[in-house]
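See below for the structure under consideration.
For this chain, numbers begin at 1 and follow the sequence in order. Counting convention: from 1, in listed order, for ligands and their atoms alike.
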Amino acid sequence: MEKTFLMVKPDGVQRSLIGDITARFEQKGFKLAGAKLMAIPESLAEEHYGEHKEKPFFGELVDFITSGPVFAMVWEGEGVIATARQMMGATKPSEAAPGTIRGDFGVTVGKNVIHGSDSPESAEREIGLFFNKEEIVDYQKDNLNWVY
Ligand code: RTP
Ligand code: MG
């Protein structure tokens, strides 16, 4: 089954949004496969956001994502990579629709509450960067028979 990497960013953790954000993906019908609260080392932040290395905001982005704990998660489900991006909303909260996570909780692009993988390739790469194999749990969830 398809998996994606999602992360409540330091602003979301500080604003007590872990529960609300996690609930949205549970209620949608996706399955949590791994989760942990963690501090991101600078080297991991630089690797994770490597695609933005040349951008003017790269330094700020790395400083922000390492400024406090994040809540890292792996979620599983049919089409979860694209659907989670829809549920997150546009990168700029000012352009994110109401009802999306960034639309409901964010104000500025720098503190936009959540990260999500943007493709199957980045999902595989980011899950590998943040989680060991033993931290990803394979289990049955019977209520999902009513989702699929
Ligand atoms: P993310 O990677 O965090 O899930 O966000 P995203 O795919 O929606 O956006 P992306 O283009 O990958 O940008 C990564 C993060 O960089 C910050 N950003 N700041 N100051 C700026 O103009 C600017 N542009 C992007 C945002 O926090 C964005 O989430
Ligand atoms: Mg991105």
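- Contacts of Phe64 with ligand 1, taken as heavy-atom pairs under 4.0 Å, are absent altogether.
- Between Glu51 and ligand 1, no N or O atom pair is found at a separation short of 3.5 Å.
- Proximity to Gly116 (heavy-atom distance under 4.0 Å) selects the following atoms of ligand 1: 4 (O).
- Ranking protein heavy atoms by distance to atom 23 (C) of ligand 1, first place goes to Phe57 CD2, 3.5 Å.
- Protein heavy atom closest to atom 26 (C) of ligand 1, with residue, atom name and distance, is Val109 O, 3.2 Å.
- In this view, Pro10 and Phe64, Ile65, Ser67, Val70 satisfy the side-chain contact (heavy atoms from CB on, under 4.5 Å) rule, not counting sequence neighbours.
- In this structure, the ring of Phe25 has its center less than 6.0 angstrom from the ring center of Trp75.
- Shown in contact with Asn112 at under 4.0 Å from a heavy atom are these atoms of ligand 1, numbered in order with element: 26 (C), 27 (O), 28 (C), 29 (O).
- Nearest to atom 15 (C) of ligand 1 among the protein's heavy atoms is Leu61 CD1, 3.7 Å.
- Comparing heavy-atom distances from atom 11 (O) of ligand 1 across His52, Met7, Arg102, Lys9 singles out His52 as nearest.
- The side-chain heavy atoms of Phe30 and Met73, taken from C-beta on, include no pair separated by under 4.5 Å.
- The protein heavy-atom contact nearest to atom 6 (P) of ligand 1 is Thr91 OG1, 3.5 Å.
- Between Glu126 and His48, the closest side-chain pair of non-hydrogen atoms falls below 4.5 Å.
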Could you go through Lys31 and Val80, starting from their C-alpha distance and side-chain angles, then the distance that decides it, and tell me whether this counts as side-chain contact (heavy atoms from CB on, under 4.5 Å)? CA-CA 10 Å; Lys31 187 170 85 173; Val80 67; over 6 Å; no
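- Ser117 and Thr4 get closest at one heavy-atom pair: CB-OG1, 3.4 Å.
- No cation-pi contact links Lys55 to Tyr49, judged by a cut-off of 6.0 Å to the six-membered ring centre and 45° from its axis.
- Listed here is the closest heavy atom pair of Thr66 and Ala45: CG2-CB, 3.7 Å.
- Looking at atom 7 (O) of ligand 1, its nearest protein heavy atom turns out to be Arg85 NH1, 2.9 Å.
- Using 4.0 Å as the threshold, His48 has no heavy atom nearer than that to any atom of ligand 1.
- Close contacts between ligand 1 and His115 involve ligand atoms 1 (P), 2 (O), 3 (O), 4 (O) [criterion: under 4.0 Å to a heavy atom].
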